[in-house]
A.B. asks: 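My questions all concern the structure below.
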Amino acid sequence: MTGVAPSDPPGTTDHDAIELVAQLRELAGADPAEVRKVVAEVLGALDRAAGGALRDQLPATIRADAGLDTARN
């Protein structure tokens with residue numbers, strides 16, 4: 001059987017994601033609107049870097065919040 005067992009320690013990517021979530025939660029305590037703006041900007045940049053493919057993977061509400069429902073550039 002292949003795959004990661006649930007008891008395995010988190011990998012580097014998992015650790016990075018956990019750290020990012022912690023940082024966003026810290027920011028959200030200060031100003032949730034600012035965090036939403038930053039996340040929208042990051043998602044927009046990632047979508048542009050992916051040639052518009054990221055928006056197809058996001059739920060409609062997140063696409064709308066990030067301004068990704070508009071025509072592709």
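Quick caveat, the model's predicted, so the values are computed rather than measured.
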A.B. asks: What's the separation between atom CG in Leu58 and atom CZ in Arg55, rounded to the nearest 0.5 Å?
C.D. replies: 9.5 Å
A.B. asks: Enter the distance from Asp47:CG to Gln57:CD here, rounded to the nearest 0.5 Å.
C.D. replies: 10.5 Å
A.B. asks: Residues in side-chain hydrogen bond (donor to acceptor under 3.5 Å, both in side chains) with Gln23, at least two apart?
C.D. replies: Glu19
A.B. asks: For Leu68, does its backbone N or O pair with a side-chain atom of Arg63 as donor and acceptor, under 3.5 Å?
C.D. replies: no
A.B. asks: Give me the atom names and distance for the closest heavy-atom approach of Ala66 to Ala40.
C.D. replies: CA-CB, 3.7 Å
A.B. asks: Scan residues 36-46 for pairs that pass side-chain hydrogen bond (donor to acceptor under 3.5 Å, both in side chains), counting only residues two or more places apart or in two chains.
C.D. replies: Arg36-Asp65
